[in-house]
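Report on the following structure.
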There are 2 protein chains.
Amino acid sequence: MSNSRVNVRWVAEQAGVSPATVSRVSRGSAQVSPELRERVMRVIEEHGYRPNHFGRALAEKRHGSLGLVFPGLSGPYFSELIQGFESEALETGDQVLLLSSHYRSDTDAKVLDLAGRVDGMAIHAGTVSEAMIERVSQTIRVVVMAHKAGPAHASVSTDSGTVGTLTRHLLVEHGYRRLAFVGTPEGSPDVTARWEAFLAAHAETGARPPAGPTLVGLAQADGAIAAQKLLDSEEEPPDAVVCANDETALGLILGALGRGMRVPEDIAVTGFDDMPMAALVQPGLTTVRQPVRELATVTARLLHAPLTQRDGDTLLTTDVVLRGSCGCPDRPSGETGRDATAGGDS
Amino acid sequence: MSNSRVNVRWVAEQAGVSPATVSRVSRGSAQVSPELRERVMRVIEEHGYRPNHFGRALAEKRHGSLGLVFPGLSGPYFSELIQGFESEALETGDQVLLLSSHYRSDTDAKVLDLAGRVDGMAIHAGTVSEAMIERVSQTIRVVVMAHKAGPAHASVSTDSGTVGTLTRHLLVEHGYRRLAFVGTPEGSPDVTARWEAFLAAHAETGARPPAGPTLVGLAQADGAIAAQKLLDSEEEPPDAVVCANDETALGLILGALGRGMRVPEDIAVTGFDDMPMAALVQPGLTTVRQPVRELATVTARLLHAPLTQRDGDTLLTTDVVLRGSCGCPDRPSGETGRDATAGGDS
DNA sequence: TAGGTTCCTGAAACCGGTTTCTTGAGACCG
DNA sequence: CGGTCTCAAGAAACCGGTTTCAGGAACCTA
């Protein structure tokens with residue numbers, strides 16, 4: 001803690017005024033005569049007095065901070081998320097408390113601790129039990145990201161339905177027939193929604209229903225594993241693969257190239273995220289761009305607002321980005337493609 | 001805040017005991033008769049009482065939290081750093097408060113705010129002015145990362161001297177003659193140290209002194225810019241390039257490949273970090289592995305300790321990792337090369 | 001049985017600001 | 001000149017726990 005000597009009463013004594021006056025001067029909350037204000041200011045500056053955070057927070061009944069709960073910092077998605085959240089919170093003068101679940105089981109308990117130290121909490125899907133989200137929502141403001149809202153908390157997500165648009169693009173424009181999906185729907189609500197959009201597009205276009213998803217995680221290494229499962233098996237390999245995110249897509253591409261296959265000639269690959277690397281690889285990665293930073297800032301803004309007056313679900317739009325990996329012509333980097341065949345998905 | 005009704009006095013009243021007894025039961029700090037303990041526990045559980053953080057912190061004069069100040073979340077380096085720090089702090093029961101400088105000028109003020117809310121602060125080089133570090137050090141425990149210790153604060157860094165070993169490897173084993181350095185020494189103490197090690201290796205081996213560094217930032221895009229500067233100029237291009245980190249090295253490789261050059265035949269490239277991508281690209285990136293996670297955990301551990309008893313500077317060892325991009329044979333991924341020619345650098 | 005320990009418990013002070021309540025002084029008005 | 005109104009500023013209560021201190025009861029020993 002430190003300079004425990006320098007507190008309101010001490011400053012008051014030095015300046016020959018009451019603690020109340022010091023408080024009024026330091027926070028500028030009420031009129032103080034120029035003379036006393038001057039006296040108090042001099043003592044404050046001379047001794048570098050700063051009001052103790054606890055005392056102030058205790059009296060104001062407000063923390064001035066927001067919590068952010070997320071699974072882990074793998075890949076650019078969460079980096080961008082944290083960056084955006086922190087940036088927005090800084091803007092409004094809030095501090096950010098971080099809690100990474102690391103997929104551990106004692107996260108719920110940590111969340112309860114955290115809840116006692118923040119005014120609001122952003123919770124990313126797949127980190128905290130529904131029951132705990134519900135419970136915490138009754139104490140402080142809660143916004144979940146990439147998940148559904150509940151009775152007492154709001155939500156912000158990006159539209160996974162665009163995977164349907166992308167899937168139709170592969171089926172209709174390019175005429176691929178054996179599509180595979182890489183990702184574990186049970187793993188997160190995001191992947192669930194993408195898998196469902198993938199299925200729906202097959203149904204809508206009358207395409208042959210695809211096989212079950214290739215169950216792997218979301219890291220680049222998981223893409224390599226998926227390549228092994230899909231390309232080294234006895235069965236006929238797919239001619240196009242829709243991956244749950246860009247990282248697995250890149251891992252898959254590396255795996256395919258390593259086996260002497262060409263992308264997209266022998267196998268087309270798509271991702272989700274539009275992370276920076278997607279535009280830099282050869283061929284460029286066809287993917288869905290989601291506004292991660294906006295996801296974070298919108299969440300932070302909701303949390304800062306004094307009360308959540310039925311904010312419900314916020315859905316941010318996403319866009320198909322066509323590059324070389326699906327069979328489209330690869331544009332020079334810097335350009336970005338936008339899908340023409342809109343509609344269909346909410 | 002919430003259940004303001006449920007506080008020590010209220011619980012005490014319900015259980016028919018004094019607030020002191022409730023405190024003793026809730027924190028288990030002293031002996032309480034089984035009967036009273038039982039009565040109090042029942043009320044606590046029934047109404048979900050949790051001691052208010054402010055009240056407790058105020059009385060204990062301790063925050064139970066650590067601050068982490070870093071420039072921004074670009075690339076895997078800072079992801080790993082935050083992850084490691086958060087993970088270690090969680091272990092010891094501390095909360096983590098994040099402050100990203102975004103290279104803004106008002107960071108010093110934010111740091112002062114933060115200092116009032118944490119027991120200790122980890123500051124990454126290049127974010128906070130020396131004067132402010134000094135000032136904050138007098139209030140709370142401070143550890144700087146990738147920088148030098150000061151009179152009142154400790155430091156933890158990774159050894160940049162290994163760049164010297166790597167440079168000698170390029171000069172002596174491979175016989176390259178026109179080496180270039182990509183990175184801005186003034187930009188950060190890390191890059192400064194790497195540049196100096198690069199120079200020192202030239203001097204030691206009697207090689208022709210290199211030209212000045214190619215001044216760019218640390219992102220992948222900066223590597224592309226460096227490629228432009230180095231390869232599109234009138235002068236003879238270098239035959240080997242030592243980059244300040246892996247990201248610029250990858251950007252440079254992409255730039256070289258895009259110009260029809262071969263790596264390492266036409267130009268050798270090395271990085272620093274050994275980020276995951278380094279082992280996955282073709283050819284594999286020769287680089288220096290630095291233990292980023294350890295950097296973070298050691299820092300967190302130092303901060304948790306009650307007092308910094310002259311911890312001074314901690315230097316973590318780094319290793320050269322030889323892969324294909326410098327001209328060495330590319331090993332199958334999974335294997336890692338360790339440099340044989342040790343010594344020389346502290 | 002007196003005296004000394006040991007163990008439990010509650011009263012009260014304390015951590016450091018903020019805010020309400022109250023008082024006193026000075027200004028304004030009839 | 002008396003009364004009211006306004007405004008500055010201090011006293012005290014309050015936010016919610018923790019801890020010291022002191023007292024009382026039970027237990028032990030001589």
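Residue numbers begin at 1 in each chain, while the letters A, B, ... track the order of the sequences.
The shortest distance between the side-chain N/O atoms of A:Lys61 and the OP1/OP2 oxygens of D:dG16 is below 4.0 Å. Contact check, A:Asn7 against C:dG16: a side-chain N or O comes under 4.0 Å of OP1 or OP2.
Applying the side-chain hydrogen bond (donor to acceptor under 3.5 Å, both in side chains) test to A:Ser160 and every residue at least two apart in sequence or in another chain returns nothing. For A:Arg293, there are no side-chain hydrogen bond (donor to acceptor under 3.5 Å, both in side chains) partners at least two apart in sequence or on another chain. By the side-chain hydrogen bond (donor to acceptor under 3.5 Å, both in side chains) test, A:Glu186 is found to be paired with no residue, residues two or more places apart in sequence or in another chain being considered. Legend: residues meeting salt bridge (Lys or Arg N to Asp or Glu O under 4.0 Å) with A:Asp108, ordered by chain and number and at least two apart, are absent.
Note on residues 86-102 of chain B: pairs passing salt bridge (charged side-chain N to carboxylate O under 4.0 Å, His left out), not counting sequence neighbours, are B:Arg62-B:Asp94, B:Glu88-B:Arg301. Within the structure, salt bridge (charged side-chain N to carboxylate O under 4.0 Å, His left out) contacts touching residues 95-106 of chain B (residues at least two apart or in different chains) are B:Arg104-B:Asp106. Residue pairs satisfying the ring pair (Phe, Tyr, Trp, His ring centres under 6.0 Å) criterion with at least one member in residues 107-147 of chain A, sequence neighbours excluded, are listed as follows: A:Tyr77-A:His124, A:Phe78-A:His124.
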Scan nucleotides 24-26 of chain C against the protein and return all N/O pairs shorter than 3.5 Å with their distances rounded to 0.1 Å.
none

Check residues 18-25 of chain A and write down every donor-acceptor pair under 3.5 Å in which the side-chain atom is one partner and the other belongs to a residue at least two apart or another chain.
unit_1  : atom_1 : unit_2  : atom_2 : d
A:Ser18 : OG     : A:Ala20 : N      : 3.4
A:Ser18 : OG     : A:Thr21 : N      : 3.4
A:Ser18 : OG     : A:Thr21 : OG1    : 3.3

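Looking at A:Leu114 and A:Met121, their side chains come closer than 4.5 Å, going by heavy atoms from C-beta outward.
Whole-Å rounding puts the B:Glu38 CD to C:dC8 P distance at 17 Å. As a whole-Å value, the separation of B:Leu58 CG from C:dC15 C1' is 4 Å. Here the C1' atom of nucleotide D:dG16 and the CD atom of B:Glu60 are 12 Å apart, to the nearest Å. Put simply, CH2 on A:Trp10 is 12 Å from P on C:dG17, counting in whole angstrom units. Across the protein-nucleic acid pair, A:His53 atom NE2 and C:dC15 atom C1' stand 14 Å apart, rounded to whole Å. Atom pair B:Glu35:CD and C:dG10:P shows a separation of 11 Å (rounding to whole Å applied). Taking atom CZ of B:Arg56 as the reference point, atom P of D:dT18 lies 4 Å away to the nearest angstrom. Atom C1' of nucleotide C:dT18 and atom OH of A:Tyr49 are separated by 10 Å, given to the nearest angstrom.
Atoms CG and CG, on A:Leu66 and A:Leu302 in that order, are 11.0 Å from each other to the nearest 0.5 Å. Residue A:Ile82 holds its CD1 atom at 13.0 Å from OG of A:Ser87, rounded to the nearest 0.5 Å. Between the CZ atom in B:Arg117 and the CD atom in B:Gln95 there is a gap of 11.0 Å [rounded to 0.5 Å]. Taking CG of A:Leu90 as the reference point, atom NE2 of B:His102 lies at 6.0 Å (rounded to 0.5 Å).
For the helix from C:dT1-D:dA30 to C:dG30-D:dC1, the rotation axes defined at the first and last 5 base pairs enclose an angle of 50°, given to the nearest 10°.
Listed in residue order, the members of residues 108-116 of chain B having a heavy atom less than 4.0 Å from DNA chain C come to none.
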Exercise. Where along nucleotides 8-14 of chain D does protein come under 4.0 Å, by heavy atom, of base (B) or sugar-phosphate alone (S), with - for untouched nucleotides?
Worked result: SBBB---
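Proximity note for A:Ser23 (side chain, C-beta onward) versus D:dG17, D:dT18, C:dT19: the nearest is C:dT19.
Between B:Glu13 and B:Arg9 there is no salt bridge, since no side-chain nitrogen of the basic residue lies less than 4.0 Å from a carboxylate oxygen of the acidic one.
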